[in-house]
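Just below is one structure, and these are the notes that go with it.
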Amino acid sequence: MDFFEKPFDNSANQAAQPTPVEPNQLTILDDWRKFPAHFMFLNEFRSATNPQIFAEVSVGELWYSVLDEPPKLTIERWIQDGILVRPSINTLLDELTELQLKTLAQERDLDRSGQKADLIARLIEADPAGMAAIVADNPLLILSDYGESLVEPFLEYEAQQRVIAEAACMAALNEGEFYRAEQIALHEYHSGVFPIDFYNDDVALLLSIFMTHPFSYFDQLEDAHQYAIRLATAMRFLWGNELTRWLPNAIAGDNRFSAAQLAQLLNDYTFHIATIQIYTKDWIDTTVEIVASPEACPVCQKLNNIYPVAEIPMLPPKDCQSPLSCYFDYIDQTNYFNPDGTCIIGN
């Protein structure tokens with residue numbers, strides 16, 4: 001079965017995930033539990049969350065498009081059903097800074113020593129009504145125990161699907177199908193709910209990870225070890241985990257650097273190249289300031305300057321004296337505004 005044809009209702013996970021429905025077969029009010037988008041939205045409240053952020057136009061419209069109803073209505077229904085509740089006073093007080101908590105403690109002649117948790121405990125014990133009044137207007141919401149019981153099976157199912165997706169993604173990379181690898185990662189990241197935008201620049205970067213030769217000692221590795229490092233770098237780019245998550249234990253570096261260090265070097269070098277290529281392709285008329293990190297070697301520090309895009313030097317330079325290359329910032333010098341404050345772009 002193709003990865004994108006995976007069913008939600010396989011027998012091994014019968015109770016662990018929502019069942020898909022045909023368009024117009026059910027409405028949200030019939031049973032929102034049939035809709036994966038609602039479980040994704042519910043997951044937003046596993047930690048205390050301000051529901052007002054979903055009233056913002058960009059965020060609200062995105063969720064509206066997949067929930068098929070305004071997020072406000074979904075939240076109100078969940079409050080009514082006891083799925084979302086106000087966090088505990090402890091949690092709400094934890095939103096205050098340590099300085100604010102110490103000020104409250106001082107006003108009540110309480111000990112101001114210890115961590116935030118100690119301050120909060122003293123404040124609640126000494127003045128429970130006053131603390132409740134202070135956080136009364138805090139709009140945060142969080143999953144109730146009942147809400148947690150609803151979302152946990154979905155998250156377990158999603159974790160199982162991620163393992164499948166990771167394996168499919170690695171297989172696509174091994175076959176040189178970089179566009180498909182990105183498809184799989186993005187599809188899983190969005191749980192098949194949100195529309196997916198594909199980026200040709202990302203596909204080009206994946207290709208560069210497998211093709212570029214950053215430094216001579218990288219090429220001195222055994223072919224199998226070099227390939228494993230490239231594969232781990234690509235998987236980290238797509239999935240965001242630590243590099244060690246993708247490096248087999250048997251993979252070694254050379255006599256100077258570990259495999260994880262070499263993978264990080266490859267990652268940094270590839271992104272240097274990709275950044276220059278993006279500027280060359282899309283911003284040829286601008287200028288870019290190159291700023292080496294304070295820890296950069298003397299050779300790289302000398303490159304600090306403002307360059308026309310066509311003259312940006314290859315970074316890091318071949319004579320870089322840092323074992324794992326130096327880090328650079330790219331600062332776009334384009335002025336996007338007219339003297340009157342209007343934006344140049346689109347005019």
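The nearest pair of heavy atoms linking Cys169 to Met235 is SG-SD, 4.0 Å. Contact record, Leu101 with Leu119: CB-CD1, 4.0 Å, taken as the closest heavy-atom pair. Across Phe41 and Pro71, no two heavy atoms sit closer than the pair CZ-CB, 3.8 Å. Between Ser113 and Asp118, the shortest heavy-atom contact is O-CB, 4.4 Å. The two residues Thr91 and Ala48 have their closest heavy-atom pair at CG2-CB, 4.1 Å. In this structure, Gln301 and Pro294 approach most closely via the heavy-atom pair NE2-O, 3.4 Å.
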Q: Give the intermediate values and the outcome of side chain to side chain contact (heavy atoms under 4.5 Å, CB included) for residues Asp202 and Phe237.
A: CA-CA 9 Å; Asp202 288 351; Phe237 169 69; 3.7 Å; yes
**Q.** side chain to side chain contact (heavy atoms under 4.5 Å, CB included) between Trp32 and Leu150, worked out
**A.** CA-CA 11 Å; Trp32 63 265; Leu150 293 176; 4.0 Å; yes
Q: Begin from the C-alpha positions of Leu247 and Ile229 and carry the test side chain to side chain contact (heavy atoms under 4.5 Å, CB included) through to its verdict.
A: CA-CA 7 Å; Leu247 282 169; Ile229 290 173; 4.2 Å; yes
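Not less than 6.0 angstrom separates the ring centroid of Tyr189 from the ring centroid of Trp239. For an aromatic pair to be called close, the ring centres must be under 6.0 Å apart, and Phe54 with Phe45 satisfies this.
For the side-chain contact (heavy atoms from CB on, under 4.5 Å) with Arg230, the qualifying choice from Leu206, Leu266, Thr270, Leu262 is Leu266, the only one to do so.
A salt bridge (Lys or Arg N to Asp or Glu O under 4.0 Å) check over residues 120-142, counting only residues at least two apart or in different chains, returns the pairs Arg108-Asp127, Asp111-Arg122.
Two residues are said to be in side-chain contact when any heavy atoms from C-beta on lie closer than 4.5 Å; Phe210 and Leu231 meet this criterion. By the 4.5 Å heavy-atom criterion applied to side chains, Leu143 and Trp78 are not counted as neighbours. Within the 4.5 Å cutoff, the side chain of Trp63 has heavy atoms near those of the Met40 side chain. Using a 4.5 Å cut-off on side-chain heavy atoms (C-beta onward), Val85 and Ile142 make contact. Counting heavy atoms from C-beta outward, Asp109 and Gln106 have side chains that stay 4.5 Å or more apart. Taking 4.5 Å as the limit, every side-chain heavy atom of Glu177 sits out of range of all side-chain heavy atoms of Gln183. Annotation: side chain of Leu173 is in contact with side chain of Phe178 (closest heavy-atom distance under 4.5 Å). Counting heavy atoms from C-beta on, the side chains of Arg46 and Leu155 come closer than 4.5 Å.
One hydrophobic cluster, built from ILVMFWY side chains closer than 4.5 Å, cannot hold both Val299 and Leu303; they sit in different ones. There is a path of hydrophobic side-chain contacts, each under 4.5 Å, that joins Met211 to Val203. Cluster annotation: Val135 and Ile79 are assigned to distinct hydrophobic clusters (Ile/Leu/Val/Met/Phe/Trp/Tyr, side-chain heavy-atom contacts under 4.5 Å, transitive). Hydrophobic clustering, with ILVMFWY side chains joined whenever heavy atoms are under 4.5 angstrom apart, keeps Leu73 apart from Phe35. Two different hydrophobic clusters hold Leu92 and Ile53 under the rule that ILVMFWY side chains link at heavy-atom gaps under 4.5 Å.
Gln100 contributes a side-chain N or O that, together with a main-chain N or O of Thr97, makes up a donor-acceptor pair within less than 3.5 Å. Looking at Asn174, its side chain does come within 3.5 Å of a backbone N or O of Met170 through a donor-acceptor pair. Judged purely by atom type and a 3.5 angstrom limit, Asn304 uses its side chain to pair as donor or acceptor with the backbone of Ala292. Judged by distance alone, with hydrogens and angles left aside, the side-chain atoms of Lys116 form a donor-acceptor pair with the main-chain N or O of Leu96 at under 3.5 Å. The main-chain N or O of Asn138 is found under 3.5 Å from a side-chain atom of Arg86 such that the two form a donor-acceptor pair. In this structure, the side chain of Ser144 engages the main chain of Ile83 through a donor-acceptor pair within 3.5 Å. No side-chain donor-acceptor contact under 3.5 Å links Ser208 to the backbone of Leu205. Looking only at distances, no side-chain donor or acceptor of Thr287 sits under 3.5 Å from a matching main-chain atom of Ile306.
Summarising the local packing, NZ of Lys72 is surrounded by 12 or fewer heavy atoms from other residues, nucleotides or ligands at distances under 6.0 Å.
Note that the CD1 atom of Ile184 and the CD1 atom of Ile164 stand 11.5 Å from one another [nearest 0.5 Å]. In this structure, the separation between OG on Ser88 and CD1 on Ile120 is 9.0 Å, given to the nearest 0.5 Å. Between Glu69 atom CD and Arg77 atom CZ the span is 4.0 Å, to the nearest 0.5 Å. Considering CZ of Arg112 and CG of Leu99, their distance stands at 10.0 Å, rounded to 0.5 Å. Between Tyr157 atom OH and Gln160 atom CD the span is 8.5 Å, to the nearest 0.5 Å. In this structure, the separation between CG on Leu84 and CG on Leu141 is 5.5 Å, given to the nearest 0.5 Å.
Residues satisfying the side-chain hydrogen bond (donor to acceptor under 3.5 Å, both in side chains) criterion with Tyr64, sequence neighbours excluded, are absent altogether.
Residues His187 and Gln161 have side chains that never bring a donor and an acceptor to within less than 3.5 angstrom of each other.
For the pair Arg162 and Glu158, the salt-bridge criterion is not met [side-chain N within less than 4.0 Å of a carboxylate O].
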